[in-house]
Trainee: 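The following block contains the structure, expressed as C-alpha cells.
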Amino acid sequence: MNKIINRESISYLIFGVLTTVVYFVTRFTVIAITDNSMLGVVLAQVIAILFAYITNKIFVFKNKEWGFKQVLKQLFGFIVGRLFVFGLDVGITFLTVEKFPDFFIHLLFLDKINYDFVLFSSSLTKHFIGSSKLLNEFIFALFVQVLAIVINYIISKKAVFKKEADPKVS
C-alpha cells in the first residue's frame, strides 16, 4: 500500500510539475503575443486541464477505463473539480495583475529589482520575469499552480479516479 501511495504521489508530483510547465509556457506565450493576461489565464487553464487529465488517467492513477461514458464522466468530474482552481486563478490574476498590480509590485519590492541583471534579462527569462509587471504575474501564477497541485490531487484521488472498493474484501 505504501509503495502504491509513494509511486502515485511521486508520479502526481512529476506530472503536476509538467502540467505547471505547460501552463506557464502557454500563459506567457499568449501574453507575449496578445498582451492580454486574462486570455493567457483562460487558454493556459484549458490546455493544462486537458494535459493533466490525460497524464493523471494514464500515468498517475493508471485508470484503465476507456469506455466513452466512463471517460466522459471522468473528464466532466475532472473539469468540474478544476473549475475551483480556475476561478481561483482568474480571481487572483484579476486582483494582483489587472486591478492592483502596482500595490503588489510595491508590497513585494519588485520595483526595487535591477531587471538588467542576467537572471531577468536573458533571452530565456525576460518574457517571464523581465520586468516588475511580469515578475509580479509570474509569482502569483506560481502561487496558484502550487495550490492547484495540492487541491487537484485531492479532487482526482478522492472523486475522479477513485478506486472502487473490492466487494470480496470485508
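Note that the structure is a prediction, hence the values are computed from the model and not measured. As a basis for the values below, the full set of heavy atoms in this structure was taken, side chains included, without hydrogen atoms, waters or symmetry mates.
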Trainee: Search all heavy atoms of Gln74 against all heavy atoms of Val160 and return the closest pair with its distance.
Mentor: O-CG1, 3.5 Å
Trainee: Examine Phe117 and Tyr115 and state if one hydrophobic cluster contains both, with Ile, Leu, Val, Met, Phe, Trp and Tyr joined whenever side-chain heavy atoms are less than 4.5 Å apart.
Mentor: yes
Trainee: Hey, does the side chain of Asn136 reach the backbone of Thr96 with a donor-acceptor pair shorter than 3.5 angstrom?
Mentor: yes
Trainee: Under the 4.5 Å side-chain heavy-atom rule for ILVMFWY, direct or indirect, which residues accompany Leu43?
Mentor: Val30, Leu39
Trainee: Nearest 0.5 Å, please: how far is CD1 in Ile92 from CG in Leu95?
Mentor: 8.0 Å
Trainee: So Tyr53 and Val71, do their side chains get closer than 4.5 Å, heavy atoms only?
Mentor: yes
Trainee: Rounded to the nearest 0.5 Å, how far does CD1 of Ile79 lie from CG of Leu83?
Mentor: 7.5 Å
Trainee: Can we say Glu65 and Lys57 salt-bridge, meaning some charged N sits less than 4.0 Å from an Asp/Glu carboxylate O?
Mentor: no
Trainee: If two hydrophobic side chains count as joined below 4.5 Å and joins carry through other members, does Ile58 share a cluster with Val22?
Mentor: yes
Trainee: Can you see which heavy atom on Thr19 is nearest to which on Phe51, and at what distance?
Mentor: OG1-CD2, 3.3 Å
Trainee: Under the side chain to side chain contact (heavy atoms under 4.5 Å, CB included) rule, collect the residues that match up with Leu134, sequence neighbours excluded.
Mentor: Phe28, Ser131
Trainee: Got a sec: does the CG of Asp35 have more than 12 other heavy atoms crowding it under 6.0 Å?
Mentor: no
Trainee: For the residue pair Phe128 and Phe24, is the inter-centroid distance of their aromatic rings smaller than 6.0 Å?
Mentor: no
Trainee: Please answer: with hydrophobic residues joined when any side-chain heavy atoms are less than 4.5 Å apart, are Val146 and Phe143 in the same cluster?
Mentor: no
Trainee: Please answer: with hydrophobic residues joined when any side-chain heavy atoms are less than 4.5 Å apart, are Val41 and Leu142 in the same cluster?
Mentor: yes
Trainee: Quick one: pull up OG1 in Thr93 and CD in Glu98 and give me the separation to the nearest 0.5 Å.
Mentor: 8.0 Å
Trainee: Is Glu137 paired with Arg27 through a side-chain N to carboxylate O contact shorter than 4.0 Å?
Mentor: yes
Trainee: For a quick test of reading the model, state the closest non-hydrogen atom pair linking Asp89 to Gln145 and the distance between them.
Mentor: OD2-NE2, 4.3 Å
Trainee: Any chance you could lay out the side chain to side chain contact (heavy atoms under 4.5 Å, CB included) test for Ile54 and Phe59, step after step, and finish with the verdict?
Mentor: CA-CA 8 Å; Ile54 292 167; Phe59 301 110; 5.8 Å; no
Trainee: Side chain to side chain contact (heavy atoms under 4.5 Å, CB included), that's the test. Do Ile149 and Tyr12 meet it? Break it down for me.
Mentor: CA-CA 8 Å; Ile149 288 172; Tyr12 186 83; 3.8 Å; yes
Trainee: Considering all heavy atoms of both residues, which atom of Asn36 and which atom of Ile31 are nearest to each other, and what is their separation?
Mentor: O-CG1, 3.9 Å
Trainee: Search all heavy atoms of Val85 against all heavy atoms of Ala148 and return the closest pair with its distance.
Mentor: CG1-CB, 3.4 Å
Trainee: Compare all side-chain heavy atoms of Phe84 with those of Ile151 and state whether any distance is below 4.5 angstrom.
Mentor: yes
Trainee: Keeping to residues at least two apart or across chains, list the ring pair (Phe, Tyr, Trp, His ring centres under 6.0 Å) pairs with something in residues 88-109.
Mentor: Phe104-Phe140
Trainee: Run the side chain to side chain contact (heavy atoms under 4.5 Å, CB included) test against Ile129 and tell me which residues pass, sequence neighbours left out.
Mentor: Leu119, Phe120, Thr125, Leu135, Phe138
Trainee: Taking all non-hydrogen atoms of both residues, which atom of Ser9 and which atom of Tyr153 are closest, and how far apart?
Mentor: OG-OH, 3.7 Å
Trainee: Does the side chain to side chain contact (heavy atoms under 4.5 Å, CB included) test come out yes or no for Phe15 and Thr20, once each step is laid out?
Mentor: CA-CA 8 Å; Phe15 286 105; Thr20 300; over 6 Å; no
Trainee: Would Val144 and Tyr23 count as a side chain to side chain contact (heavy atoms under 4.5 Å, CB included) if you check the C-alpha gap in whole Å, the side-chain angles of each, and the deciding distance to 0.1 Å?
Mentor: CA-CA 11 Å; Val144 168; Tyr23 173 88; 5.6 Å; no
Trainee: If the condition is side chain to side chain contact (heavy atoms under 4.5 Å, CB included), which residues does Ser156 pass it with, not counting sequence neighbours?
Mentor: Asn56, Phe61, Phe78, Arg82, Phe161
Trainee: Which ILVMFWY residues can you reach from Leu13 by hopping between side chains whose heavy atoms are under 4.5 Å apart?
Mentor: none
Trainee: Under a 4.5 Å side-chain heavy-atom rule over Ile, Leu, Val, Met, Phe, Trp and Tyr, are Leu75 and Trp66 clustered together?
Mentor: yes
Trainee: Would you call Thr55 and Val60 a side-chain contact if the rule is heavy atoms closer than 4.5 Å?
Mentor: no
